[in-house]
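Values reported hereafter were calculated over all heavy atoms of this structure, with side chains retained and with hydrogens, waters and symmetry mates removed.
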Amino acid sequence: MGVIEVADLQYRYGGSETPALRGVDFDVEEGEIFGFLGPSGAGKTTTQKILIGLLDDYEGRATVLDREVKEWGPDLYRRIGVSAETPNLYHKLTGRENLELFASLYGGAKRNPIELLDRVGIADAVDKRVGAYSKGMRMRLNFVRALVHDPELVFLDEPTGGIDPTNARAVRTVIEELRESGKTVFLTTHDMTVADELCDRVAFIVDGRLSVIDTPRALKLAHGEESVRVEYRNDGVLDSAEFSTTDLGTNEAFQTLLARNRVETIHTEEATLEDVFIDVTGETLT
Ligand code: ADP
Ligand code: MG
């Protein structure tokens with residue numbers, strides 16, 4: 001049984017002509033990082049909001065931790081952690097006070113908040129008011145807040161949005177550690193790097209529909225023509241050549257090149273997840 005099970009999920013915002021979700025199906029298994037990858041407006045945040053119980057006028061089926069979302073009461077928030085796309089923090093309170101308040105609502109702090117804040121580079125700001133935080137700092141506090149009560153299932157909406165590259169990497173490392181400790185993560189992003197590096201499986205979403213669900217590796221292998229690119233010196237002049245990876249062992253041109261020239265670099269060139277996304281959906285990720 002999946003930790004999250006979704007079947008024919010549909011949603012239309014009041015007053016809107018077009019549905020935001022047009023029949024979405026997927027399951028998330030225990031212990032995996034499952035990614036929703038898609039451009040702005042695709043329906044990622046809407047899906048997360050349904051799964052965390054914020055929009056209960058959906059159609060179709062959406063179960064989280066073995067119970068239909070509509071039937072969950074506030075107890076759900078003791079078992080899940082939520083980092084929303086737009087942090088809803090108390091600006092007049094300090095970072096520490098925000099964390100203490102949320103932990104007290106959701107079962108107490110089971111992880112050391114200061115240690116988590118330190119991991120993502122904002123421990124120094126713990127006693128400053130959140131009103132004085134930058135957007136990236138709020139995102140990181142929001143992220144930490146989702147984890148302090150040590151939930152078994154974590155929802156992260158654009159977890160590295162607005163965060164500088166170094167701290168974004170720190171956030172990605174903490175997410176990987178969640179998987180190592182057996183937690184399940186549902187993650188939405190339009191960032192190809194996040195999806196490719198972190199997710200065990202990704203679903204591509206465009207205009208409220210999923211097109212494929214698979215591992216990033218399988219998607220890249222299925223859609224990319226894999227080749228190796230060799231850079232070599234030919235009479236002292238740098239030159240390069242490309243060969244298909246399928247028959248390298250018997251490819252005479254490749255063998256001759258290796259025998260006769262000084263090779264400087266050899267790289268396999270595979271499709272990026274973004275290439276695959278464009279190939280499958282006909283859309284770009286921005
Ligand atoms: P994503 O997170 O993938 O960028 P969203 O789930 O936020 O996409 O949005 C999906 C669609 O629903 C978009 O067309 C968006 O304009 C629309 N939408 C989102 N929130 C609302 C709202 N509160 N009212 C009306 N339409 C909305
Ligand atoms: Mg969104």
[X], [Y]: one ILVMFWY side-chain cluster at the under-4.5 Å cut-off?
{"X": "F277", "Y": "I205", "answer": "no"}
{"X": "V82", "Y": "L116", "answer": "no"}
{"X": "Y58", "Y": "I80", "answer": "yes"}
{"X": "F34", "Y": "V194", "answer": "no"}
{"X": "L105", "Y": "F155", "answer": "yes"}

Output a table of donor-acceptor pairs, distance under 3.5 Å, between side-chain atoms of residues 7-21 and any protein atom two or more places apart or on a different chain; print 'none' if there are none.
from, atom 1, to, atom 2, distance (Å)
D8, OD1, Q10, NE2, 3.3
D8, OD2, Q10, NE2, 3.3
Y11, OH, D57, OD1, 3.0
R12, NH1, E17, O, 2.3
Y13, OH, T46, OG1, 2.7
S16, OG, T18, O, 3.1

Indicate whether any N or O donor in one side chain lies under 3.5 Å from an N or O acceptor in the other, for [X] and [Y].
{"X": "N98", "Y": "R138", "value": "no"}
{"X": "E242", "Y": "S227", "value": "yes"}
{"X": "Q48", "Y": "T188", "value": "no"}

Looking at every heavy atom in both [X] and [Y], which two are closest together, and how far apart are they?
{"X": "A146", "Y": "S83", "result": "CB-N, 3.9 Å"}
{"X": "L257", "Y": "A241", "result": "CD1-CB, 3.9 Å"}
{"X": "V230", "Y": "I266", "result": "CG1-CG1, 4.2 Å"}
{"X": "P216", "Y": "D200", "result": "CD-O, 3.5 Å"}
{"X": "I52", "Y": "Y77", "result": "O-OH, 2.6 Å"}
{"X": "R140", "Y": "D164", "result": "NH2-OD1, 4.3 Å"}

Enumerate the salt bridge (Lys or Arg N to Asp or Glu O under 4.0 Å) contacts for residues 111-130, please, sequence neighbours excluded, ordered by first and then second residue.
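The answer is R96-D127, R119-E177.
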Taking atom [atom1] as the centre, does [X] end up with more than 12 heavy-atom neighbours from other residues, nucleotides or ligands that are less than 6.0 angstrom away?
{"X": "R233", "atom1": "CZ", "result": "yes"}
{"X": "H190", "atom1": "NE2", "result": "no"}
{"X": "R67", "atom1": "CZ", "result": "yes"}

Would T184 and I4 count as a side-chain contact (heavy atoms from CB on, under 4.5 Å) here? Give the steps.
CA-CA 10 Å; T184 308; I4 300 174; 5.8 Å; no
Do [X] and [Y] have side chains that approach each other closer than 4.5 Å (heavy atoms only, starting at C-beta)?
{"X": "D196", "Y": "V202", "answer": "no"}
{"X": "L187", "Y": "P159", "answer": "yes"}
{"X": "D191", "Y": "E197", "answer": "no"}
{"X": "V206", "Y": "P39", "answer": "yes"}

Start with the C-alpha gap between Y90 and V130, add the side-chain angles, then the distance that decides, and say whether side-chain contact (heavy atoms from CB on, under 4.5 Å) holds.
CA-CA 7 Å; Y90 293 96; V130 168; over 6 Å; no
Does V126 form a side-chain contact (heavy atoms from CB on, under 4.5 Å) with T94? I'd like the steps, not just the answer.
CA-CA 6 Å; V126 66; T94 65; over 6 Å; no
When rounded to the nearest 0.5 angstrom, what distance separates [atom1] in [X] from [atom2] in [Y]?
{"X": "I213", "Y": "D25", "atom1": "CD1", "atom2": "CG", "result": "8.0 Å"}
{"X": "R201", "Y": "L219", "atom1": "CZ", "atom2": "CG", "result": "11.0 Å"}
{"X": "N142", "Y": "T86", "atom1": "CG", "atom2": "OG1", "result": "9.0 Å"}
{"X": "K183", "Y": "I175", "atom1": "NZ", "atom2": "CD1", "result": "15.0 Å"}
{"X": "E158", "Y": "S40", "atom1": "CD", "atom2": "OG", "result": "8.5 Å"}
{"X": "T245", "Y": "F254", "atom1": "OG1", "atom2": "CZ", "result": "10.5 Å"}

D275 with K220: basic N within carboxylate O range, under 4.0 Å:
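No, D275 and K220 are not salt-bridged.
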Salt-bridge present (R61, E5; N to O < 4.0 Å):
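A salt bridge is present here (some side-chain N lies under 4.0 Å from a carboxylate O).
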Parallel, tilted or perpendicular, as decided by the 30° and 60° cut-offs, for the rings of F186 and F26:
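Ring orientation, 0 to 90° scale: parallel.
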side-chain contact (heavy atoms from CB on, under 4.5 Å) between N88 and R145: does it pass, once the steps are laid out?
CA-CA 11 Å; N88 52 335; R145 194 185 68 185; 3.1 Å; yes
